[in-house]
K.L.:
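Here it is: the structure, laid out below.
Model, not experiment: these values are computed from the prediction. Below, chains carry the letters A, B, ... as their sequence lines are ordered, and counting in each starts from 1.
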Amino acid sequence: MTTSALGAQREVRDHVVIRFAGDSGDGMQLTGSQFTLETALAGNDLATFPDYPAEIRAPAGTTFGVSAFQIHFGSADIQTAGDEVDVLVAMNPAALRVNLRDLRVGGTVVVDTGSFTERNLAKAGYPSNPLEDGSLVPYQLIKLDISKLTLDAVEPFGLSQKEALRCRNMWALGLMLWMYDRDRQATVDWLNRKFAKRPELAQANIAALNAGHAFGETAEMSPIAAYQVRPARVEPGEYRTVTGTEALAWGLLAGARAAGLEKLVFGSYPITPASPLLHTLAGLKAYGVVTFQAEDEIAAIGAALGASYAGALGVTSSSGPGIALKTEALGLAVATELPLVVVNSQRAGPSTGMPTKTEQSDLYQALFGRNADSPLVVLAAATPGDCFEVAMEAVRLATKYMTPVILLTDGYLANAAEPWRIPELASLPSFPVRFRTDPSGFHPFVRDPKTLARPWAVPGTPGLEHRIGGIERDYQTGHISYDPDNHQRMTEVRAAKIAGIAQDIPLQDLALGAPGGKLVVVGWGSTYGPIVQAVRQAREEGLDVSHIHLRYLSPLPRNLGALLRSFERVLVPEMNYGQLVTVLRAAYLVPAQKLSKVQGQPFKVREVLEGIRAALAES
Amino acid sequence: MTTSALGAQREVRDHVVIRFAGDSGDGMQLTGSQFTLETALAGNDLATFPDYPAEIRAPAGTTFGVSAFQIHFGSADIQTAGDEVDVLVAMNPAALRVNLRDLRVGGTVVVDTGSFTERNLAKAGYPSNPLEDGSLVPYQLIKLDISKLTLDAVEPFGLSQKEALRCRNMWALGLMLWMYDRDRQATVDWLNRKFAKRPELAQANIAALNAGHAFGETAEMSPIAAYQVRPARVEPGEYRTVTGTEALAWGLLAGARAAGLEKLVFGSYPITPASPLLHTLAGLKAYGVVTFQAEDEIAAIGAALGASYAGALGVTSSSGPGIALKTEALGLAVATELPLVVVNSQRAGPSTGMPTKTEQSDLYQALFGRNADSPLVVLAAATPGDCFEVAMEAVRLATKYMTPVILLTDGYLANAAEPWRIPELASLPSFPVRFRTDPSGFHPFVRDPKTLARPWAVPGTPGLEHRIGGIERDYQTGHISYDPDNHQRMTEVRAAKIAGIAQDIPLQDLALGAPGGKLVVVGWGSTYGPIVQAVRQAREEGLDVSHIHLRYLSPLPRNLGALLRSFERVLVPEMNYGQLVTVLRAAYLVPAQKLSKVQGQPFKVREVLEGIRAALAES
Amino acid sequence: MTAASPPVQPLASKDYASDQEVRWCPGCGDYAILKAVLKTLADLSVPRERTVFVSGIGCSSRFPYYVSTYGFHTIHGRAPAIATGIKLANPELDVWVITGDGDGLSIGGNHLLHVLRRNVNLQIILFNNEIYGLTKGQYSPTSRQGTRSPSTPTGSVDYPVSPGAFALGAGARFIARSIDTLQAHLVSVLKRAHQHRGASFVEVFQNCVVFNDAVFAEFTEKAVAPEAQLQVEHGEPLLFGKDKTKGLRLNPATLQLEVVTVGQAGVTERDILIHDERNRTLALLLLGLKPPAFPMALGVIYCDPAPSYEEAVYAQVPPGASAARADLEKLLHQGQTWTVAG
Amino acid sequence: MTAASPPVQPLASKDYASDQEVRWCPGCGDYAILKAVLKTLADLSVPRERTVFVSGIGCSSRFPYYVSTYGFHTIHGRAPAIATGIKLANPELDVWVITGDGDGLSIGGNHLLHVLRRNVNLQIILFNNEIYGLTKGQYSPTSRQGTRSPSTPTGSVDYPVSPGAFALGAGARFIARSIDTLQAHLVSVLKRAHQHRGASFVEVFQNCVVFNDAVFAEFTEKAVAPEAQLQVEHGEPLLFGKDKTKGLRLNPATLQLEVVTVGQAGVTERDILIHDERNRTLALLLLGLKPPAFPMALGVIYCDPAPSYEEAVYAQVPPGASAARADLEKLLHQGQTWTVAG
Ligand SMILES: Cc1ncc(C[n+]2csc(CCOP(=O)(O)OP(=O)(O)O)c2C)c(N)n1
Ligand SMILES: Cc1ncc(C[n+]2csc(CCOP(=O)(O)OP(=O)(O)O)c2C)c(N)n1
Ligand code: SF4
Ligand code: SF4
Ligand SMILES: [Mg+2]
Ligand SMILES: [Mg+2]
């Protein structure tokens, strides 16, 4: 127990999961983001999970219009947005209805009683009022008329009723900031910036924020519990929060910079959940980024490839259905051996599927989804911050080996945020590209003997005029060739070039554990968080289990086979119906087993843990 | 030795490989086709391999303008177009230059000396005249001025020099028909039909044909060897020759008929080597076939899917790059669970690759080339005639299980011909579709408990009005659903439906050999011919090797794992860089090895045989 | 069996609504278009079982879920292709294609071109809100230059495409325009579209309250409507304005239209062009008019029927052709065959 | 180092030819177009190293292999998209897009629409032979109704698209036409296209001797050319015929063009329309003329320049922007950060 500034008693917690839930129009994403920022500033480690409705703005008060933002923060390493919610803030009945199932028994639920009108209860499909029918008995219920309290707080600013009620989220935020002993200054600054043109709105929102905070401080009649979550012990340095999208955008730019390229040309067509990358990069014009919103995904990759041909870093991005459309052009990138980065923010499928829900079911597509033998590099990012490094690595491999690189993220990574230590620029890798300029002995497909990469000969360079295309090319001259042996040779060299990259990437390490033992859990992509937590917990329980997390999916790390074979069992949790597991079985003939979750939602730690226990029980 | 009609001595041969080669404008494909027809009528078994140049009509006399047609015929089972050529007919120097390498030492080469002008020798890149410089010593050279002999023969018909020379191919054909003791009547009939509007051309061509024949008969000065190839012992019945394309078109129609569907709607966009299927089906309007040449491959599959939705058999077809473009829409077919047949006539890639050359490198794409978990059925045809059966089976599975089916053929199968026993109609399978008509209890996604297929409820049916789409659907009602557990359940049932088809297809048999033993060679698609020949030869040599040939690639036959495991080694020859081998390793954890040929050409029997010997030597 | 068929009750708008909750943003123009379509269906008493709504992806493309006929919510941009297949399989079906400015003119531009060119007999309604609604507000190919959106924070630079001019260039034979809120007009335009044999193309100006609110206010606002809208009628003079005194006249020197006022500067009604919906040149001129200098032309701007694609396709099919009853025996035995004795 | 640069020799046509053997069918119209392009390049002395030919797939799209500049033979229909990327990466490059009636108007119709709409500064030459040459003769979207081809054995039924009308509808700002065999005319048209800033669209009628021989004979044959061709020149009257006595006049009632003979029925040269290449309406009318009733309009039919896409894109980029020298320090630290002490 510690005491707050005013002397209230604060219980110490290691980590807490809060979920803000309300109508799409209630500003829950902003509320969550601000809480995240203040929490990051307080020095906690954290992970977030925004959960948008599928509809843009569904009718107010309906269950399918509910928007939620979950944050998990703590004083130790935080890897997931949390299995269960400790505190649920429900701004209306629909939000309560949709989210209650994730609240742990004994957890706290804060509701705005002002919104629990008959109409809203009916819209949410409640036959009776849950605040009164005893159904919330298993939880700590904090009933507050936030609507009224907000209206009171903002009264001086002369807003319309509608505008005034829009400040409810700041009141709730104020209360939660008090509850966890967070500062409010960053939020105040943000409100002043956001409403610079309408200062009365800034003031009203700040008043609501302060009122919520003050309410906690002074609610002596029915005191609200206050907590403290101590700062996490993390590496020293300067920090910020990043979403996967931001880290990815900056990583791509950092890659272009490290390669010494003047321009990053990004061709894309909007699609959920990939669009935020387009939006972020569109704001980086001053940094040499040119964005092109194409007429479709095919034009998007076409333009990116054209840009790479002309000496820029060409990047394109989409989600599964859009990537499907790019696969023909991707084959051209393989055939012409041009650098290209293709980002896939995966979402639930097949077909349109559940566009706003996360999944990692496009691994097959990335590895095998083109006509003919067309090998390329496939990488996957594990966390929002990891997107930065993986993006730089994608650029390095694309430019060094003259190859398309597919970088897999997903809807979760795209939107989730975490604290991120801003790298020292000097510590970043540098891999300057050397365009070919010397005409003597130049042929467009003569390879570097070590990397097997062909030269990057950019239009505008005198003396290097040449023609390339998708028809098979002669190994020596690069001219069109239908020669049977040449085709065999070219097929082999294309494969060898990608396979050879295994020599230029790190040996696979273990995220937890050591080689040898009963069980290894192998993951890739955004399942990193739940897997690492589950394996840690399992190890704490004394189970013999390790964790391997793959960044490189093609080529696979050269020691991976030996590593896997050192374990008795291999368990592969994936947010798909079993894809990496197929790849590992084929590559190493290890009897890897799948652990599949296809629900449009990240694994819970518990689910992986159960998988581990079951796998060990079998053996 | 037997005697011909006129008493000449005819050597008996078991089987012979002839290749007709000339300029694209020389009519070699027609010549080969007519020889094929006469040979089929003579009762031989046979296989053919047309080899077109990449250019439509390259400049006359150049090596890249050479067109060839190879036929392998014999009195025993013929499975390939032959590794080596016994007789090469070369109509000009370029044809000699390009094709000589495939002639066996001691083989016969027939040349038209009239075309060995200096100009033509230069165009072909011959520094000296090969007819005179001794370079043809290893072969039996038959030098004839076919040009002049043809001009003489057609003189009475008053053709222009150009038209008269166009009859050269018929002269050569006549000679070859004589050499192998074939009839000419079918060719005479065909010429009369073809030139019905210009009888003088028909007469001239017939005269050339007869002159060539007579020349053989009477060339007493330097007698030309005459042969006999006895009829093959084959199942009794009525026969015809078919190309893979014809068999496929007819099989699709037979499938629609067996399903009791009024219409087959074929949506396609031209692409080599898939276009012939469009051409063939376009001629079947009177049989209820509607063909639609779409603006692109996406529209082609879209229209086919729309047609299936509306109660027709929707079929689409393309080659690798075009299939790539269809993969997004294919996902919609998986999601909406509509029947659809997608034919891929594979060609050499990646990208544009070598469009006129065969390959089987789109297996990965067929199995894995879509976003998300989107299982479907994949079948492959083994021989031209097999296309008929496989096409019917594709229609059966598509309509019974409400699923897209990918049917893999390739450039070789599309164009190759073989004798085919015309099936008795009564012996063909029948699998009538029952459209849903009863509105009571109707939901579009309520499944048949056995097949797991949803009902086919066709617009126009009163009381069944419903909405479907690519967004995830509720398991019960078919309405849009974002429910996490529902998505898991739907993913599982989609997979289970396809996996369950394994119960409805034959157990895998052995093409040659018996379960158990040192080595099994596993093939799929058009490699059937060379593999079966190679395994047969190996077995004759006393090697312990069997042959499994897969028609079903997804789902795999339910006994395949056990079968493979019964052998010590598994060798997988493929005209790709190793794709089925990956699938088998992953599915059964058997250490299958690849034997890869990526040269745009079918395997030679010898190549497979060497692979077998090497695999056995290793063990 | 001769059971008496139940007495036929005329269907009302609500009978054409499905049981699914409509999920557009409150205030979205899509609601009004839905209402107009339902009324059109009811007024025409179309048989529900023979009617199919086919859409791509977008807010607008959610439309089929809300209609009680058959419906197919397909993939982005491909509805015209899928609809073409439906018509080829069964030309008797009455098909409506619902698309957006992104769905129809960005990713789907090629299919729109070809369905119009081929003149497949169906109705296409393009909901033009000059924005990508569903993906949260990026600019679209119809957005005006300078549109600020998440993907164009400093303003878009592309020249927008005019849906009508595009359709005309593609060879469309029926081009009409209306506004979401102009219910009666919209219903009458939809009826004309339905009546037209061949591909009919209807552009509806639709307000996206969330991402592009009031982008058409310049000519849709009640106050300015009479001066800013020209509702064309075949055979009627091209007059507009509160008192219908403004009109369009051709300047034969520039080949452009000009706005004149009847009764001023010697202009009489006889100087005003008469709308001829079969005139392609006039259609181009009308489609090109832009507020504020000109009124926005609405109604059936071009209509020049010709045989439809599927009519022509089926004209080539011999009567009685059926796969189910195909004479396979004949097909398989045609050409050269030979018999091997048993 | 101050080495003297070698004396600059003017390049000739042959210097723009690559060392690759040309592989079209003997007699194919593509040879003539290649010749005209090489001559254009030579006449304009374009620097080879800054010139890029980009094509899709088709006989016509083999073109880049035969030119000694940079060349990219891409995939079917996508050349405009790839060319747009090239221009975005380096607006200094001089880009020519080579496409066919199938490549550009069938599979590639959408990209053609958008590259024209955006007005990317490049030249597009569409080789229109009204057939798919490379895939052996199927009909194309420009084939006339009734075209018999392997895929339409009983004749095609689709209405063809007019490349020019399509381009106009797409918002193209430069539309011209010529004929493969009309060398001097073709070269002059190509020079105008090159000079135009923005997307210039040139349709060349190209004879496919193998699959569609003489399909344009009606207006390309020497004997009929004077009567069947109208070579338009900006500012000149629209006259044609052997003695240039035939001309085009506007019928203001029908808004259509009509053919009149100067000196007959009281027609004088003053009645003849003067070609104004900035007039969109006139462009539509000229593009719609069809032999035999009308002459085929050739030359620069429409030219109305506006700023190009990449100009507008780069106008939004702050000077000195460079990824290589990006101030990452600033970018990564902007917004809220906090420091954890060591
Ligand atoms: C292949 C593919 N690419 C992109 C998307 C994402 N997407 C869905 S709707 C849409 C644009 C919708 O715009 P519009 O057609 O104007 O419809 P609106 O929402 O404005 O009614 C986009 C880009 C998708 N679903 N599929
Ligand atoms: C994705 C894809 N679809 C189809 C093809 C096959 N294909 C190649 S060229 C072509 C049409 C060419 O017609 P056009 O553009 O008119 O060129 P032409 O040969 O007549 O010059 C087609 C259908 C292909 N290469 N790629
Ligand atoms: S986003 Fe716009 S178009 Fe979409 S439903 Fe909302 S208001 Fe309508
Ligand atoms: S097929 Fe036609 S277009 Fe192609 S090269 Fe030959 S003549 Fe030219
Ligand atoms: Mg829109
Ligand atoms: Mg063409």
K.L.:
Using non-hydrogen atoms only, which part of A:T62 is less than 4.5 Å away from chain C: side chain, backbone, both, or neither?
P.N.:
side chain
K.L.:
Could you tell me which portion of C:V209 (side chain, backbone, both or neither) has an atom closer than 4.5 angstrom to a non-hydrogen atom of chain A?
P.N.:
neither
K.L.:
Of the backbone (N, CA, C, O) and the side chain (C-beta and beyond), which part of C:Y139 lies under 4.5 Å from a heavy atom of chain A, both, or neither?
P.N.:
both
K.L.:
Check whether A:L325 gets within reach of chain C through its side chain, its backbone, both or neither, counting any heavy atom under 4.5 Å.
P.N.:
side chain
K.L.:
Parallel, tilted or perpendicular: which fits the ring planes of C:F127 and C:F63, with parallel below 30° and perpendicular above 60°?
P.N.:
perpendicular
K.L.:
Hey, are C:R177 and C:E203 close enough for a salt bridge, meaning a charged N less than 4.0 Å from a carboxylate O?
P.N.:
yes
K.L.:
Quick one: does C:S143's side chain have a donor or acceptor within less than 3.5 Å of a partner on C:E130's backbone?
P.N.:
yes
K.L.:
Short question: side chain of A:S319, backbone of A:S345 - any donor-acceptor pair under 3.5 Å?
P.N.:
yes
K.L.:
Between A:A294 and chain C, which part of the residue has a heavy atom less than 4.5 Å away: side chain, backbone, both or neither?
P.N.:
backbone
K.L.:
Can you tell me which portion of C:P141 sits under 4.5 Å from chain A's heavy atoms? Options are side chain, backbone, both or neither.
P.N.:
neither
K.L.:
Does the side chain of C:T51 come under 3.5 Å of the side chain of C:Y16 through a donor N or O and an acceptor N or O?
P.N.:
no
K.L.:
In the structure I gave you, are the side-chain heavy atoms of A:K194 and A:L30 within less than 4.5 Å of one another anywhere?
P.N.:
yes
K.L.:
Name the member of A:P270, A:A282, A:A60, A:P59 that forms the most heavy-atom pairs with chain C at distances under 4.5 Å.
P.N.:
A:P270
K.L.:
Verify the distance criterion only: is there a donor paired with an acceptor across the side chains of C:Q206 and C:N129 at less than 3.5 Å?
P.N.:
yes
K.L.:
What part of C:H76 is in contact with chain A, defined as an atom under 4.5 angstrom from a non-hydrogen atom: side chain, backbone, both or neither?
P.N.:
side chain
K.L.:
Check whether C:S149 gets within reach of chain A through its side chain, its backbone, both or neither, counting any heavy atom under 4.5 Å.
P.N.:
neither
K.L.:
With only heavy atoms counted, which part of C:C28 is less than 4.5 Å from chain A, the side chain, the backbone, both or neither?
P.N.:
neither
K.L.:
Under a 4.5 Å heavy-atom cut-off, does chain A meet the side chain of C:L105, its backbone, both or neither?
P.N.:
neither
K.L.:
Any salt bridge linking A:D362 with A:R347? Criterion: basic side-chain nitrogen under 4.0 Å from a carboxylate oxygen.
P.N.:
no
